[in-house]
Structure formats: structure tokens, C-alpha cells
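For reference, the structure discussed in these notes is given below.
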Amino acid sequence: MKEVTSSYDAHAVEEWAQDFWSVRDTYAEVQQLRSAGRPFFFVDGPPYTTGHIHLGTAWNKILKDAILRYHRMCGRSVIERAGYDMHGLPIEVKVEHELGFTSKKDIEEYGIAAFIERCRTFAETHKDIMSEQFKRLGIWLDFENPYQTITEDYIEAAWWTLKRAEERGLLERGHRVVNWCPRCETAIADSEVEYWDEKDPSIFVKFPVAGRENEYLVIWTTTPWTLPANVAVAVDADFTYARVLAKKDFAEELLWIADDLVEPVLKLGRYQDYEVLERVPGSDLVGVEYTSPLAAQVPQQREIRHRVVAADFVTMENTGLVHIAPGHGWDDYLLGIKEGLEVFCPVDGGGCFLPSAGAFADMYVRDANDVVIDALGDNLIARKTIVHRYGHCWRCKTPIIFRATEQWFLKATGIRDRMLEEIRDVAWHPEWAGSARFHDFVADSRDWCISRQRYWGIPIPIWQCEACSTYTVVGTIAELADLSGTTIPDPHRPYVDGVTLPCSCGGVMRRVEDIFDVWFDSAVASWATLGFPRQREAFEKYWPADFITEGQDQTRGWFYSQLGASMIAFDRSPYRSVLMHGFALDAEGRKMSKSFGNVVTPDEVMNQYGVDVLRLYILSASAPWDDLKFNWDGVKTVHRAVNILWNVYRFPLPYMILDAFQPATDADGRWDASLLRERRRDLPEADRWIISRVNSLAGQVEEEMEEYQLHRVTRALTNFVLEDLSRWYVQLVRSRMWLEEDAPEKRFAYETIYYVMRRLVGLFAPFVPHITEQIYQNLRMEGDPESVHMLDRIEPDPLLIDTHLEAAMDVIRSFDDAVANARQAGKRKLRWPVEECVVVTESDLVRDAVGDLKPLARARANSRTVTVVEGAWDRLSWQAEPVMRAIGPEFGKEGPKVKALIEQAGGSALKAAIEADGKAALGGYELTARHVTFTESLPEGVYAAPMKDATVYVDVTLTPDLEAEGYAREVIRRIQEMRRQLNLNVDDFIAADVQVEDSRVADLIRSAWATGISQEVRAKDLVIRSPGENGDQGRKWALAKDWDVEGVSMRMGISQAGGQ
RNA sequence: GGGCCCGUAGCAUAGCUGGUGGUGCACCCGGCUGAUAACCGGGAGGUCGUGCGUUCGAAUCGCAUCGGGCCCA
């Protein structure tokens, strides 16, 4: 063991620890050490390789790391690799920015090969940056060999999975309405749509009813540009619709509006008057035909037979009639299928109208809104603007549109029920994350559109014949080589695009141009990370994952995509248990965002307080599944706690070293606690207590970790350090450290502290890996495991747990607080002894605890005696006070007499009588509890304070004996202070001179305490004198000071004694 | 609009199988001075988001409402 002189320096400790691990490759050693253990297969949810990590990313990895370290200590062989999600539109968008591109045309001109190389470089560069950041957080995952979604074997896992989908009939080519980003010119997944408020037109439009003069259906829309694609109007069959004669400026027309909405709609249309001519149910309107108000501008509209249809999604809002364009809306599309409506979608991939949109051709749809509105002419009833939530492309923030296109789908709806079954068998933490949240999401899920019309992604391995349209799904790269007779350098676009296959019909099969939705990449992670399908052994051994943990946003993301892909491939859930964690928010509970300027980065926290503090803060600040409100004050508090851990660790070291303390070891040189276990009955109570506490703590940690209650675990650990170790045990044990001779109680203290620290670092290691490693290395015995992270889990030792003692000590601590309280009231410092402390209680626990631990109680109270009194303490008396509010009305004129009687009566006797009988006779009057109150009357010099189930009375009256000790303690303290100022070692001797201005005090000290003081301050030579007395006045002291001690002036001088 | 979670002193939180609201930080006062650019004690501070209900009794259960978060439409 080495002495630790410096105070806690997080950066030095952490740099040292990381260096220590990297030199010895401790991470690999630990993995090796546990390799024979029961496997624990963990899959890292791959972060996307863009930009830098934020607090949420850090939280995610810290949770994973703490949990995995714990499992390793439990003897599990943890199977893991860090993972990275490296394909996709976000990177394409970044690269497009770098190159100044604005459209797909730019990319095609630049060359797909060159473009994806830049994407690859971008992804790899950022992967490396992020790995470094994670390592700095002390994360132990395999960063040397991470799984990457861009490698050949990974891509193969995706291909293989798609082939499984095809084999099981779950792959489908479909014409569907999808979310479409007009800038990226691709379909995007529901999960890639971000919603925020957008200002849009809100218009009410008349559609002329066919064959009727001057009669119209009134619809409402916020997307005028979809009107050229209108084919129908939907009503609710059960709503009541009104045929209204509406009047404006002497003109009249007939309008169909939902009955309840007539008034507001006509008001908006500035109609002056109206009359309801007829009311009919929606079902009566079904089949009514109408013409488009844009028939003049859009030739195709003249061909369409528009009609009214019934739908269940119509609400009693706006006009109660809904404009239907199956080419531009999900509900519209489904309704179109059901009703056999035409799907008309005159918009291209860039969001511009096609020639089939007639007069609007070539216009960008959102720009066309005004033009369309103008074209409506008289058919426009009203126009407003509305602010509503509208979807945007998550990468480029462009407002999305809905477009009917040909895409590839996985038929998630076909396996939905099986998914719901599987969810029930997964252990969710917290439970509601699965049973409520995820369940509801899956129950509402739709088919999964997996195709994207982009470049940087896993190419969809479908080859389709140009001649006969048959298609085949290729499952592996070897299979592709087999079928095509060619090999490719890289399974990305554009290399794979050039490969053709012969079709049985004699035609040529070419790959469909699409790539996978990037969510499909990570969906196959649980088998791809095991090298499946190329290698099957690990997969068969470990899959499915024992555990995953991600943020609550991954409910719709990775929890879902993995489940879907796995159900398709293997018909079972890819994970056995899931911990869903929260989001990192700012102190106000708001999302951290760059534009809001409230972002706190993990770097900021680490730079100021270090990694371990960040880790401990994040883990203890809130339950894993609650959102984390980041708070600097909280970080500071945790920093203080870690600092105390450090101080508690370093405080006994100088003494241990001075005494050449050697913990017991076994034949292999390993630390051996059996001696301490055998002698447990000989240990002082304080030692037995803290040993019991640390074992109880181990039990608590074990229990709470079962449910991933990491906040409770870390709080319990921190609390132990602060409350039990620092605030109590260290205070109790200090004086034993100072013992000169080789006393057994000092040995016990060393053994105990050593034991507690060894257990404590083991318990703390998964959460604060750096500081625990440093402490452990200093405490470690020759034969002990090389790293704290190689220790086995610290299990509670039932032999050493004494719950009675723990309860009794709680009582003493409460007593200790109460004494301090009473002393403060009596203005008697703790340094000054008192004659008597009395604990008045009715509680057996308090009585027994104070009785059993009396020496400790006495020492803590610095009291000559501590006594327990059950019932009434005879030195207490009660003062009776008349309650005139009750006496006055009842006794009338006699009142003043009663008052005087009460005031003169013995309060204690009166109280006893009333308590016994409920009444008391006094001078012929009968008194009850309502006539008199009692206040405790304390003897002179006695002060009281409450403790748990008892009251403590402290008599602070001074006697010459007490006073002598008090002054002596004051002198000792000041000489010690001067020793420190001289920077003396604890074992140096001194010579000292104390001149006391008050000769009575000087005599008091000298007669009883001269020797005591000499011993305490290690003085070979001590002179205490009154002002007149002679001493070494002429002597030059190394340090001389004047002090005011409780009003008595003293002059003290000390020097180091020569020799020894 | 829907689902899930959260809302307790200036800040962060515990309590939530209903029975007199705990803790930490900050603040004020004090102690200790061989862990000392540390450590410890005490005090003050609360309509438990709001409203209604169930109950002898609600922070805790129910309903509604407001605010925050994630997700969905």
C-alpha cells in the first residue's frame, strides 16, 4: 500500500486507469477470464455514425457498460461487440452538402461509385471518432472489432433475411402510398418523418353535383395541390347531411354540408342567410356523382367519374365531407382499393406535377397551392391559413408529400399476431414498456416499406427479368456469383447494379435499383453481429440476445425493426429482455436542441468533473426509464460524494503504513477475510457494525440489480459512503488510529477498514470503473486478481450481517444527533465534557441499544455518564399553567382564585393526578386536562432534544474537573493546529510552552492534564505556566501564537524536539 | 386527435399494496480541526400541477384538466 497525499484528481485517476487497462489489455483479459462462464449475449444498438455523441448517447452506453460489467463480475461470459449504423440518407445528405449537390441528378453526374466512396469515408471517420469518445467514457465493448452495417458479411445477413421473407411469402411488390421526400426523391419510412408545426392554406371548396343545377358538395382541405388528383368525396354513412339553400349578395345556391357544421361553414363563406331544405343520412349521399372544379385545367379530370363514398375515418369537423385523392393519402388509397377508385398521382419524384396535371405541369406542388386556389374561381368558398403539425423528412427537413408508388414491402401485418405473442414472453423493464407501449405500437403497425430510391445503403438483392418480370431474391454473395458467373469487389451500388442473371425465359434479369430502408440494416444486427449466415456456430450457441437496452424512441425503431425482421427470419423474438431508458433533457425538462442553446455535452461534464462523476451522476439521477433532467448542481453533489469516497479511502493509509499493516493472506497470496470472520465476536461494535452494513449493502445491490434499478443501487452505494462510512464509522474509528502502541483495537480497525474498502470497490466497480481500479490497485495483495474488474461479484456474507446491531446503531446515531442538538442549545461545545446525559424513553429498542452500546454512546456524547430512564426522570419537573379560556367561563368569579391555585400547585403531582384519573382536586375545585397545560421545567443547566422514540437531556453544568478537561482539550487542539502549520509528521516529537493568563485555569490544567496533553501532542517537554511564573521565556520557538480560549488568553510556543 | 411515462420546498428527488410528507444541493446558524482548499450538526423552507370523486382518512385509488417528454395518427 502506498500513501495517497493528493486530493481526488479525477483526470489523473482516469488517465491512469485507462492507461493501466490499455497496457495490460485488461478488457481482453476479463473477457478471457469469463469465457468459460454461462454466456450472456448482448447486442449493442448501433448508433448512427454522424457528428458527435451527446448526453443521451453517453447515457445509453454508460447503462450498457455498467450492466455488462456487473454481469461479468457475476461470472457471465458476455458476448458483445460495439455496433455502428453506417448507411443511409443522413450520410448521403451530409456528403451532398459537402459537394454542394441539390438533387439526385448531381449525384448521378458525379458518379455513384465516387459518391458512395465519400459516404463510406464519412461513416468510417465518424465511427472512429465516436469509438474514441465511448472509450473515454470507460465503456468496455469490443471497439477493435465492431459490427458495421457496411461490411460484406453484414450485408449478407440482410440479403439472407430478405430471402427468408420471400420464402415465407412475406415479401411483396406493391403499389402503395408512401411518405415521400421530394428533395431526397425517395420513399421514407414512417419512422423517418418528423412532425412540427407548419403554416398551410385551409380552404373550403365546392364540387358541382352532376346533373343538378347550382348544387354542390362542400369539402375542406389543407393541400390544394392534391385537388387535381381528386376522384371521390367521402362521407360518414351515419352522419346527417343538410341540403342548404345559401344566400349571398342576392345569389342563391344549394350546398351539401354536414348538418352540425352548416352554421360555421356558411359564416366562413360570408353567406348572409340560409335555409335548410332537407336533411339526409350520409348513406343517402353515397353514389352521388360530381365533377371536378379543375376539369378545365386538368384534362384527366374530365375522364374521371367522381362519386361520393362512405368511409369510417370521416369526422364531424370542417364540412364533414372529405376530399379523396388515392394517389396522395394513405386512408384515401385504402379506401380507393376498397371502392375500386382510380389511383391518380400526377406528381413526380421531385415533387413536381407531371404533364398529366395539365395546366399545372412542372410546378412544384407546394408552390402550386396558390395557382390551384386561383383556378378554383367561384368554387372557392373560403380561404384561411392554418398552423398544424405536418410531417417532414428527418434529414433534410423538407415537408413530405404522399405519393402512390411501386415499392417493396414486408408484410408485417401478416405476422402481427405472432409478434404480439412474442412480446409477452420478453422480460420488459419497466413492465409497461412492453405490455402497454410496445404492445400498442405493434398492434397498430402496418406493412413495412423497405425500399428506398437512393445510393448509400444495402442494395436490395432482387433481380427481375426485363422480359417476363419474374424476380428472384439472392440470399448470399456466393449465390450471386454462382448465378451470374461474375464476382464483385463490393456488394454496394453501383458495383452490384452491373450484375445480370439469366432468366429461365431466356431474358436478362437486372437488379431492381432500390436499396434497403436503413432501419432494415440494424434490424438484422442480432444475427449479423454473430457472423450469421456465413458462420452458424456462434448463432446456434448464443442467439437470441439475453439483453438489449435503448431509449424510449426505439420502441418504434430498433425494438420494432429487430422484432419484425426476426419474426420473418426465425419466427421468434431476437431478444429475451429489454430495458427501455429515457431521454436526456435539460434542467427545465425540455429537449436539448442546438437551436435552443441548452445542449450539454458529455465532454463538458467530463472536462469539469471527470468520467466517473458523469457516470455516477447519470446512473443515480433518475430511474433508467424516466427522463433525465440534467442538472449541474446534481453533478456537483455527486462530485462531492466521489471526493468523500476518495478521502475515506486515503485517510487510514498513513497509519496503516506507519504500522506496516499487512492484511491477512492465504497460501496463494490472496487477501483472506476468514480471520476476520473467525474473530468477528472479538471485534469492537463499530467494526462489527460497518462490516454488517457493507454486507447488507451487497445484498441490496444484488436485489436491485435484478430489476435494473441502477438508480437505487448507485444511490445506496453513495449513501453508504456518505452516511455510514464518512459520517459515522470514520468518526468512531479515528481515535483508534492514533493509538501509539500496537493495540488490538487498532489492528481491528485496520482489518475492518481494509475489509470494507475491498468490498466497497468491488460493489462500486461497474459504475465508477476508474476510481475503483486505482483504489483496488493500492489495496491489492500479491495473489489477488489483477484488476478490480476481475473480481467476482461481492456477495453478502450472512455470517457477518447483524441486523440487531444495525438497528441499535441507528438508535445511537439518533442519540448522537440529539446530543449535538441539546449541546448547541446549551452552548456547550462537543470538546467540553459534560457530567450527565439522560435518555428518557418508552421504547425497548432505544433502551437496549443505549444499554448495549453505552461506551460508544458515552464517547459520542463526551459525557461522564449516559443513563436510560423509562417513564419519568426524577430531575424533571412540570410547571402547571392555567388555561383561562376554559377556567373563566366555568368558574366565573372564582376564576382568579383557581388560577392562583394552579400556579402555586406542584405541577408534577397535578400532572400525574390528571393523567391517572382524568381529573384532580385542587383546593376544592375539580380540574381536568382542559383547564391546565404543562410545560416541562428543566433543571438548571439541562438542555433537551428529541431523538427517535426518546428525549435526550444533557446537563452542561461545569465542574472543576470538567472545566480542566475542557481547557486541556482546547490547548491540545491548538497545539495540534500549530503542529500542522509546522508541517510536522504525525510521529514527530515536540517541546511546548503554554502561558495561561488566568492562573486558576493554569492550575486546573496543570494539575490534572499536563501528562495527558503531552501524550496527545507528542510533547517530550511541556511547560504550563501562569503569567508570573518562569519558564523558557527566552527560548526561541519554531512557532509561537497567541490564542483566545473561551475568553482566556494563552500564548503557546512549540518546536520540534531534537533527536527523537 | 390517440397511446405510454413524468409533474412533490429555489433546484433535484424518495414515498405511490391509502393512515400525521422524507432526503440531498443551495440558503442561514453552529460544531469539529491528526480525511483539513476536507468533515459534521442544527434551522428555515411544501396549496404533494389543478379540479372533482371514492373513503372515517388520498401525495398514494378513480375521473377530468393543465404543463413536460417519447411515440403514433
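Only this structure's heavy atoms are used, side chains among them; waters, hydrogens and symmetry mates stay out. Numbers restart at 1 for each chain; the letters A, B, ... are given by sequence-line order, proteins then strands. The model shown is predicted, which means the values in this text are computed figures rather than measured ones.
Under 4.0 angstrom from either OP1 or OP2 of C40(B) there lies no side-chain N or O belonging to R860(A). Phosphate proximity of G15(B) to R712(A): present, with a side-chain N or O under 4.0 Å from OP1 or OP2.
Contacts of S726(A) with the nucleic acid, taken as non-hydrogen atoms under 4.0 Å apart, include base atoms. Across all strands shown, Q976(A) has heavy atoms under 4.0 Å from base atoms, whether or not it also approaches the sugar-phosphate. Nucleic acid contact for R640(A): sugar-phosphate only, since backbone atoms but no base atoms lie under 4.0 Å from a heavy atom of the residue. At the heavy-atom level, R715(A) lies under 4.0 Å from the strands shown only through sugar-phosphate atoms.
Ring-plane geometry between Y708(A) and H429(A) is classed as perpendicular, the angle between the planes exceeding 60 degrees on a 0 to 90 degree scale with a lower cut at 30.
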Tabulate protein N/O versus nucleotide N/O from nucleotides 2-6 of chain B, keeping only pairs under 3.5 Å, one per line.
unit_1 : atom_1 : unit_2  : atom_2 : d
G3(B)  : O2'    : D440(A) : OD2    : 2.6
G3(B)  : N2     : R437(A) : NH2    : 3.3

At a cut-off of 3.5 Å, list every protein nitrogen or oxygen paired with a nitrogen or oxygen from nucleotides 41-46 of chain B, distance to 0.1 Å.
unit_1 : atom_1 : unit_2  : atom_2 : d
G41(B) : N2     : Q824(A) : NE2    : 3.1

Legend entry - Worked verdict on D724(A) versus Y729(A) for side chain to side chain donor-acceptor pair (under 3.5 Å): CA-CA 6 Å; D724(A) 296 336; Y729(A) 183 71; over 6 Å; no
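Atom name C1', nucleotides G46(B) and A9(B): the rounded distance is 5 Å, in whole Å. Taking the P atom of each, U8(B) and A14(B) are spaced 10 Å apart, rounded to whole Å. Taking the C1' atoms as reference points, C29(B) lies 15 Å from G45(B), given to the whole Å. Separation of the P atoms belonging to G7(B) and U50(B) is 13 Å when rounded to the nearest angstrom. Between G24(B) and G18(B), the distance separating the two C1' atoms is 27 Å to the nearest Å.
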Inset, instruction - Map every base of RNA chain B to its dot-bracket character, where paired means a Watson-Crick or G-U wobble contact with both distances under 3.5 Å and | marks a partner outside the strand. - result: ((((((((.[[[[.)...(..]]]].(((((.......))))).....[[[[[..)....]]]]]))))))).
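With distances taken from any side-chain atom of R446(A) to the nucleotides A38(B), G24(B), A73(B), the minimum falls on A73(B).
For the 3.5 Å distance criterion, the side chains of D200(A) and T222(A) fail to qualify, holding no donor opposite an acceptor.
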